[in-house]
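All remarks here apply to the structure that follows.
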Amino acid sequence: PRSCTDVACCFIFIIVIIGYIALGTIAWSFGDPRKVVYPTDSRGQFCGQKGTSNSNKAVLFYFNILKCANPAVLINLQCPTTQLCVSKCPDKFARFLDSQSSTNWEYYKQFSCVCDGEEVIRDEDCPSMIVPSKPFLQRCFPVFNTSNGIVTIANRTVFIDGHNIKRNVSDLKDAAINLLNAKQVVTKIFEDYANTWHWILIGLVITMVLSLLFILLLRYIAGVLLWLIIFGVVGAIGYGIWHCFWEYSTLGMKPGSNITISDIGFQPDLAVYLNLSQTWLIFMCFLAVIEGIIVIVLIFLRKRICIAISLLKEGSRAIGNIMSTLFYPLVTFLLVTICIAYWAVTAVFLASSGDAIYKVTSPDGKCIYDNSTCNPTNFSQSNISKACPGSQCNFAFYGGESLYHKNILVFQICNLFAFLWLVNFSIALGQCTLAGAFASYYWALKKPDDIPPCPLFSSFSRAIRFHTGSLAFGSLILGSVQFIRIILEYLDHNLKGAQNNVAQFLLKCLKCCFWCLERFIKFLNRNAYIMIAIYGKNFYTSAREAFFLLMRNILRVAVLDKVTDFLLFLGKLLISGGVGALAFFFFTHKIPILQEHLPVLNYIWVPLTVTFGSYIVAQGFFNVYSMCVDTLFLCFCEDLERNDGSSSRPYFISPNLHQILRKGEDEKLLERKMRL
């Protein structure tokens with residue numbers, strides 16, 4: 001009889017879930033997603049929000065973007081210049097001093113707040129100049145053009161600013177790049193997701209349908225389908241290599257083909273890189289390496305592939321007797337989707353918590369009150385404006401002085417950790433449930449007559465009732481390692497310029513060690529959950545017994561288990577890559593029929609996000625076959641140690657599967673003897 005396992009961890013897990021719900025409730029009470037979706041001007045007003053005076057002004061305009069080159073931008077996360085909501089960005093050069101007495105005045109005034117008085121330039125009531133710009137992240141950024149390595153704006157390399165100072169176009173470029181490095185760029189990534197979440201969801205649903213169709217077809221034509229996948233992946237990558245070579249050759253014949261990525265540096269519009277021949281050369285080399293690796297692996301595993309296909313056919317028979325397992329990935333997909341949605345929404349609400357905070361910014365950054373809080377309603381009459389002429393009280397961020405607002409970062413960390421734990425628990429629950437169902441098939445002496453009724457539901461009930469603590473224990477270990485890896489990646493990204501070679505080497509070693517540790521824990525947890533589903537023991541005992549059982553059968557593991565994993569990986573690669581390519585053509589406006597419905601993106605990273613999400617969804621569905629093979633394999637190893645094939649202790653394995661696995665082992669032993 002089974003009993004509850006790892007009860008203490010089960011109680012801790014329940015407490016964490018309750019705390020996570022409380023955190024989300026508090027975040028939803030204080031947060032306002034509009035603060036993330038809409039840009040905010042210097043008065044704290046949202047740009048483009050319906051029902052306000054700025055409903056038709058969806059773009060944020062910087063009065064003097066040259067001030068964004070100030071290093072204080074990276075510290076205060078705010079450009080020290082007046083910011084105004086406008087309906088469109090300027091499309092030509094103009095200066096305040098020249099426009100007052102010209103026909104451009106009406107055009108110039110639409111980018112101004114108040115243009116009366118003698119000190120409008122000093123107090124930034126009006127922009128001193130405007131430059132040709134275009135919207136990016138719902139903000140006006142200068143339009144840079146590169147020709148033969150020379151950066152220009154409207155065919156100019158120099159210009160006269162609003163203070164009659166001759167400036168280089170590179171100054172504007174530095175200011176734009178510095179501004180893009182501020183924290184608000186990271187938060188504006190949420191903007192793309194807010195505008196395209198339904199399209200991303202459609203892409204994930206397409207992946208789900210394709211994965212389900214693949215699993216159904218694998219039940220009947222496993223051999224043909226797997227060989228089609230193998231040749232399909234090789235052919236698709238080969239086509240990618242040819243296309244990259246064609247793009248490289250075509251761009252190489254155009255003027256300015258010698259421009260490299262280092263010449264243009266960072267560009268907000270990532271499509272610029274697709275116009276460089278070097279970009280396609282890099283893509284071609286990368287795909288060629290991947291193609292070479294896959295072909296070499298297929299050559300060395302050609303004999304094992306046939307045996308692995310036979311093993312998958314046997315797994316299809318198990319799935320055919322428990323057809324409900326084909327649809328269980330929908331449960332895992334739903335649970336993981338809920339976890340991702342809850343984490344994302346909570347993160348957005350936490351990031352947008354608090355009231356508008358205004359801070360003092362001075363033109364030269366030397367005011368003693370710089371970065372101190374202020375009140376915009378009475379700032380012009382305050383002592384600060386008198387002590388620091390030209391200083392402004394601009395919107396900085398959303399926050400507050402309460403205990404909650406001071407610990408927003410801590411809450412974000414807790415949100416991330418709880419998310420990792422819950423996602424890994426959802427996956428572990430699916431693995432244990434499927435393992436229990438397939439184990440009931442294997443240990444039925446007369447198949448399918450001895451298979452218990454409703455094996456999937458029974459396995460799910462046992463996992464929830466008796467083994468929630470064990471699944472939470474394994475998920476906690478894996479989630480903790482993943483959390484540490486995220487921290488190491490964050491440190492590596494943010495401290496590159498402040499560390500010596502020794503520190504950099506140690507950080508790389510830590511990242512490598514924790515990556516290996518994560519892979520090992522995933523492997524150990526997966527087999528531990530199978531043993532939990534079979535025998536009902538706690539996590540530690542199950543993990544130990546599974547590990548030593550695999551070590552005693554390491555030859556069989558190398559011959560068959562990993563080959564089937566490789567074949568299923570190719571299937572996941574083909575589906576996710578196909579959906580990712582479709583998303584790329586969709587979001588880059590290369591499908592004429594759907595152009596009217598396309599969203600305007602700030603980044604073209606969304607297709608990559610769809611590819612990653614598609615791979616995760618495909619992983620959930622392919623997990624059915626993978627868990628079936630792993631469970632049957634582990635049960636087979638256990639069966640050989642417990643039984644001898646006699647009438648009193650018969651093998652539970654089917655004769656076909658026994659012959660397949662024995663064949664793979666005998667061939668491997670023969671090869672080893674020939675080498676010796």
Side-chain angles (χ1 to χ4, degrees), residues 6 9 13 328-329 332-333 335-336 339-340 416-436 438 463 467-489 510-534 537-551 553-554 556-558 560-573 576 612-613 615-634 637:
D6 297 302
C9 193
F13 184 61
Y328 184 83
T332 302
F333 173 73
L335 292 176
V336 172
C339 293
I340 294 175
L416 176 62
F417 184 80
F419 162 73
L420 293 174
W421 194 355
L422 288 174
V423 166
N424 284 307
F425 177 82
S426 302
I427 297 173
L429 178 61
Q431 292 176 341
C432 189
T433 299
L434 291 172
F438 293 128
H467 308 305
T468 297
S470 297
L471 300 180
F473 190 13
S475 304
L476 175 62
I477 297 173
L478 180 57
S480 300
V481 174
Q482 292 173 340
F483 182 74
I484 295 174
R485 285 196 63 204
I486 292 175
I487 293 177
L488 291 175
E489 290 290 345
L510 285 174
K511 288 172 59 178
C512 179
C513 291
F514 276 95
W515 180 84
C516 296
L517 181 61
E518 181 186 358
R519 300 296 298 178
F520 174 75
I521 290 177
K522 282 184 176 181
F523 171 78
L524 188 62
N525 282 8
R526 185 182 183 88
N527 290 282
Y529 298 147
I530 295 175
M531 299 299 284
I532 290 173
I534 297 173
K537 298 180 181 179
N538 61 41
F539 176 80
Y540 171 76
T541 303
S542 300
R544 182 189 60 193
E545 292 181 354
F547 177 76
F548 286 112
L549 179 62
L550 291 173
M551 290 300 101
N553 296 271
I554 190 63
R556 298 188 180 103
V557 174
L560 293 174
D561 194 43
K562 295 310 170 186
V563 178
T564 56
D565 288 345
F566 176 71
L567 293 178
L568 294 177
F569 168 74
L570 292 182
K572 291 180 284 187
L573 188 65
S576 59
F612 178 73
Y615 184 84
I616 293 179
V617 173
Q619 171 81 4
F621 282 91
F622 279 75
N623 186 57
V624 173
Y625 260 85
S626 182
M627 281 303 301
C628 179
V629 171
D630 288 349
T631 302
L632 295 179
F633 180 78
L634 209 61
C637 295

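At a threshold of 4.5 Å between non-hydrogen side-chain atoms, the residues Ile486 and Phe514 do not count as touching. Annotation: side chain of Phe547 is in contact with side chain of Leu524 (closest heavy-atom distance under 4.5 Å). Annotation: side chain of Asn527 is in contact with side chain of Leu634 (closest heavy-atom distance under 4.5 Å). A 4.5 Å side-chain heavy-atom check between Lys522 and Gln482 finds at least one atom pair inside the cut-off.
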(request) Mind running side chain to side chain contact (heavy atoms under 4.5 Å, CB included) on Ser542 and Ser470 for me, showing each step along the way? (result) CA-CA 10 Å; Ser542 300; Ser470 297; over 6 Å; no
(request) Please report the C-alpha distance between Leu429 and Tyr529 in whole Å, then the side-chain angles of each, then the deciding distance to 0.1 Å, and finally whether the side chain to side chain contact (heavy atoms under 4.5 Å, CB included) criterion is met. (result) CA-CA 9 Å; Leu429 178 61; Tyr529 298 147; over 6 Å; no
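Side-chain contact, Gln431 with Asn525: no donor N or O sits under 3.5 Å from an acceptor N or O.
Aromatic ring pairs are classed by plane angle as parallel below 30°, tilted from 30° to 60° and perpendicular above 60°; the pair Phe483 and Phe417 is perpendicular. Ring-plane geometry between Phe13 and Phe425 is classed as tilted, the angle between the planes lying from 30 to 60 degrees on a 0 to 90 degree scale.
One finds the CD1 atom of Ile477 at 6.5 Å from the CD1 atom of Ile521 (value rounded to the nearest 0.5 Å).
Within 6.0 Å of CZ on Arg519 lie no more than 12 heavy atoms contributed by other residues, nucleotides or ligands.
Between Ile532 and Lys537 the shortest heavy-atom distance is CG1-O, 3.6 Å. Heavy-atom minimum distance, Ser426 versus Leu335: OG-CB, 3.7 Å.
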